[in-house]
Amino acid sequence: MDKLLLRGNGPLRGELRISGAKNAALPCLAATLLAREPVHIRNIPHLRDITTTLELLGTLGARILVDSQLGIEVDPRPVHSVVAPYELVKTMRASILVLGPLLARHGSAEVSLPGGCAIGSRPVTVHLAGLQALGAEITVQEGFVKAQAARLRGTRVVMDVVSVTGTENLLMAATLAEGHTILENAAREPEVVDLARCLTAMGARISGAGTSVIEIEGVAELHGAEHSVLPDRIETGTYLVATAMAGGDVCLKRTDPGLLESVLLKLREAGAEVDAEPDHIRIRMARRPSAIDVRTAPYPAFPTDMQAQFMAMNCIASGSGVITETIFENRFMHVSELQRLGADINADGKTAVVRGVPRLHGAPVMATDLRASASLVLAGLVAEGETLIDRIYHLDRGYEVIEEKLSAIGADIRRVSSSRGAA
């Protein structure tokens with residue numbers, strides 16, 4: 001299994017192109033199951049989770065075509081199965097997103113429960129309660145969610161908690177429901193808005209996406225369409241933090257600063273000079289960052305997927321900062337690994353106090369989840385000596401060729417074989 005080897009190498013300089021957002025691409029790919037014609041999705045990132053989703057769609061019977069620009073066409077007409085097997089679902093919790101489309105389009109669905117998650121519980125009760133409100137008969141047997149409905153019926157659904165995937169699943173299901181559906185306490189994330197745009201291009205009738213109340217007027221069928229996935233705001237934020245930590249001058253292209261205003265605000269608070277234009281962001285940092293306080297919350301507040309990266313920045317910042325995680329109950333697993341690099345962190349429950357140190361020191365560390373992996377990469381960029389990161393398959397789930405992109409702006413980072421880990 002490959003690992004990443006990093007050496008602290010000074011400031012970062014240059015330009016990077018931001019990839020399409022994984023968390024937008026996955027629901028859009030699931031949405032293709034609703035159509036009666038092929039759907040073409042562009043700006044798809046090349047990631048492990050995307051590959052898993054395509055394998056799942058293929059298992060269901062969909063025909064997949066990849067064009068020369070890595071756009072993906074999904075033809076749902078050959079779909080012959082409504083069973084999403086555990087062997088695929090267990091590797092990626094977002095697989096639950098096929099539940100709503102299969103049920104709405106084919107009248108039944110059997111999707112394996114996704115099981116546990118390293119960063120905490122992500123219950124599917126919001127999905128199931130919403131589908132039941134839409135008229136589905138649902139049972140859970142032998143680890144599978146089994147749902148049936150001749151045709152879903154529009155209704156008012158009030159979600160107990162704000163859930164991004166729950167909102168997406170119910171939004172997709174409601175597009176083919178009979179009548180009017182209102183989703184209250186809906187997630188407001190940009191990825192939900194992007195899915196609504198994709199569905200609208202397919203013929204859905206949706207209003208309110210991006211607010212806490214989404215309304216859907218069901219239609220008899222959805223047709224083929226083309227859709228380009230929005231830029232990845234978390235990848236954008238990760239490279240911005242990398243520059244804030246290492247110093248330098250980096251321009252991130254093909255991104256959208258409107259998607260991460262809370263992140264840009266915190267970077268400016270840390271002392272970075274940030275220039276935001278409609279399709280690119282330039283960040284310059286000429287000094288040690290100042291420690292900042294961060295509290296995660298649903299969009300448009302500070303994203304939980306940027307918490308680990310900002311904790312890494314606080315590790316080498318001037319002063320002390322408090323990180324408060326309100327979304328997941330077990331998302332401080334990177335703390336012990338950052339401490340191996342010399343970080344001064346005191347974590348208690350959902351709060352971590354980080355006292356900046358003048359420098360970190362390289363050491364072997366182990367990634368525990370996707371964003372924890374990113375925090376270790378950022379720490380390795382500024383640590384003295386070598387940092388060797390194990391279990392980087394987590395990174396491959398959410399960052400497209402991260403070592404190539406960072407190398408392009410001056411980082412000393414490379415992928416090495418597992419045998420190197422014995423050194």
Just do the side chain to side chain contact (heavy atoms under 4.5 Å, CB included) check on Asp305 and Asn23 with the steps written out, would you? CA-CA 11 Å; Asp305 280 351; Asn23 289 338; 3.9 Å; yes

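- The minimum heavy-atom distance linking Thr175 with Leu171 is given by the pair CG2-O, 3.2 Å.
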Begin with the C-alpha distance, continue with both residues' side-chain angles, and end with the deciding distance and a verdict on side chain to side chain donor-acceptor pair (under 3.5 Å) for His334 and Asp369. CA-CA 8 Å; His334 46 283; Asp369 63 70; 5.2 Å; no

Determine whether Ile18 and Lys253 satisfy the following criterion, side chain to side chain contact (heavy atoms under 4.5 Å, CB included), listing intermediate values before the conclusion. CA-CA 6 Å; Ile18 296 301; Lys253 295 191 168 183; over 6 Å; no

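- Side chain of Thr255 to backbone of Leu252: no donor-acceptor contact under 3.5 angstrom is found.
- Side chains of His127 and Asn169: a donor-acceptor N/O pair is present below 3.5 angstrom, by distance only.
- In summary, the side chains of Asp275 and His280 do not present any donor paired with an acceptor at a separation below 3.5 Å, with no hydrogens or angles considered.
- At least one donor-acceptor pair under 3.5 Å links the side chain of Glu325 to the backbone N or O of Ile327.
- Within the model, atoms OG1 of Thr368 and NE2 of His394 stand 6.5 Å from one another, a figure rounded to the nearest 0.5 Å.
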Please list every donor-acceptor pair under 3.5 Å in which a side-chain atom of residues 185-193 meets a protein atom from a residue at least two apart or in another chain.
from   : atom 1 : to     : atom 2 : distance (Å)
Asn185 : ND2    : Met159 : O      : 2.9
Glu189 : OE2    : Tyr299 : N      : 3.2
Glu191 : OE1    : Arg233 : NE     : 3.4
Glu191 : OE1    : Arg233 : NH2    : 3.1
Glu191 : OE2    : Arg233 : NE     : 2.8

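- Here the straight-line distance linking atom CG of Leu6 with atom CG of Leu376 works out to 9.5 Å at 0.5 Å rounding.
- Counting only heavy atoms from C-beta outward, the side chains of Val416 and Arg414 approach each other to under 4.5 Å.
- Residue pairs meeting the salt bridge (Lys or Arg N to Asp or Glu O under 4.0 Å) criterion with at least one member in residues 156-173, sequence neighbours excluded, are Arg156-Glu184.
- Using a 4.0 Å cut-off between charged nitrogen and carboxylate oxygen, Arg63 and Glu73 do not count as a salt-bridge pair.
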Show which side-chain atoms of residues 342-366 pair as donor or acceptor with protein atoms under 3.5 Å away, not counting sequence neighbours.
from   : atom 1 : to     : atom 2 : distance (Å)
Arg359 : NE     : Glu384 : OE2    : 3.0

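- Side chain of Ser407 to main chain of Ile413: a donor-acceptor pair is present (N/O by atom type, distance under 3.5 Å, no hydrogens or angles).
- There is no side-chain donor-acceptor pair under 3.5 Å between Ser290 and Ser318.
- Note that CG of Leu34 and CG of Leu222 are 5.5 Å apart. Values are rounded to the nearest 0.5 Å.
- Side-chain N or O atoms of Asn314 include one that pairs as donor or acceptor with a backbone N or O of Ile292 at under 3.5 Å.
- Listed by first and then second residue, the salt bridge (Lys or Arg N to Asp or Glu O under 4.0 Å) pairs that reach into residues 23-46 are Arg36-Glu221, Arg42-Glu226, sequence neighbours excluded.
- A salt bridge is absent between Glu217 and Arg205: the closest approach of a Lys/Arg side-chain nitrogen to an acidic carboxylate oxygen does not fall below 4.0 angstrom.
- When the side chain to side chain contact (heavy atoms under 4.5 Å, CB included) test is applied to Leu370, the partners found at least two apart in sequence or on another chain are Lys22, Arg397, Tyr399.
- Annotation: salt bridge (Lys or Arg N to Asp or Glu O under 4.0 Å) contacts involving residues 290-304, sequence neighbours excluded, are absent.
- Contact of the Val89 side chain with the Glu87 side chain is not registered, since no non-hydrogen atoms from C-beta on lie closer than 4.5 Å.
- The salt bridge (Lys or Arg N to Asp or Glu O under 4.0 Å) analysis of residues 373-383, with sequence neighbours excluded, yields no pairs.
- Between the side chains of Ser19 and Lys405, at least one donor N or O lies within less than 3.5 Å of an accepting N or O.
- Arg282 contributes no side-chain N or O that, together with a main-chain N or O of Val250, makes up a donor-acceptor pair within less than 3.5 Å.
- Every residue two or more places apart in sequence or in another chain that forms a side chain to side chain contact (heavy atoms under 4.5 Å, CB included) with His106 is listed here: Val79, Val82, Leu102.
- Of all the heavy atoms in Ala276 and Pro257, the pair that sits closest is CB-CB, 3.6 Å.
- For the pair Leu378 and Ala242, the tightest heavy-atom approach, listed with the atom from each and the gap, is CD2-CB, 3.5 Å.
- Pairs engaging residues 221-279 under the ring pair (Phe, Tyr, Trp, His ring centres under 6.0 Å) rule: none recorded [sequence neighbours left out].
- Between Pro298 and Val162, the shortest heavy-atom distance links the atoms CB-CG1, 4.5 Å.
- A 4.5 Å side-chain heavy-atom check between Leu240 and Leu264 finds at least one atom pair inside the cut-off.
- Residues Glu110 and Val145 have side chains not in contact (no heavy-atom distance under 4.5 Å, counting atoms from C-beta outward).
- Using modelled atom types, no side-chain atom of Arg13 and backbone atom of Gly410 make a donor-acceptor pair closer than 3.5 Å.
- Using modelled atom types, one finds a donor on one side chain and an acceptor on the other under 3.5 Å when comparing Gln309 with Thr238.
- Contact check on Asp279 versus Arg254 returns no salt bridge, with no Lys/Arg side-chain nitrogen under 4.0 Å from an Asp/Glu carboxylate oxygen.
- Of all non-hydrogen atoms in Met202 and Ala35, the two that sit nearest each other are CE-CB, 3.8 Å.
- Arg284 has its side chain within reach of Asp249: a pair of non-hydrogen atoms, C-beta onward, lies under 4.5 Å apart.
- Taking CG of Leu33 as the reference point, atom CZ of Arg105 lies at 9.5 Å (rounded to 0.5 Å).
- Of the inter-residue distances, the one linking Thr236 atom OG1 with Asp256 atom CG reads 8.5 Å to the nearest 0.5 angstrom.
- For the side chain to side chain donor-acceptor pair (under 3.5 Å) test, no residue two or more places apart in sequence or in another chain qualifies with Glu277.
- Residues meeting the side chain to side chain contact (heavy atoms under 4.5 Å, CB included) test with Ala25, sequence neighbours left out: Ile44, Pro45, Ile50, Val229.
- Minimum heavy-atom separation, Ala173 to Leu134: CB-CD1, 4.3 Å.
- For the pair Thr324/Thr296, no side-chain contact is recorded, criterion being any heavy-atom separation below 4.5 Å from C-beta on.
- Val98 is not listed as a side-chain neighbour of Ser95, based on a closest heavy-atom distance of 4.5 Å or more.
- Glu273 has its side chain out of reach of Ile283: every pair of non-hydrogen atoms, C-beta onward, lies at least 4.5 Å apart.
- Proximity of a side-chain donor or acceptor of Thr51 to a complementary backbone N or O of Leu47 within less than 3.5 Å is detected.
- Here Ile206 contributes atom CD1 and Leu199 contributes atom CG; the two are 4.5 Å apart, rounded to the nearest 0.5 Å.
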Worked verdict on Ile389 versus Arg391 for side chain to side chain contact (heavy atoms under 4.5 Å, CB included): CA-CA 7 Å; Ile389 305 176; Arg391 294 190 179 179; over 6 Å; no

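- Scanning for side chain to side chain contact (heavy atoms under 4.5 Å, CB included) contacts around Arg415 gives Asp2, Leu4, Ile392, Asp396, Glu403, with sequence neighbours left out.
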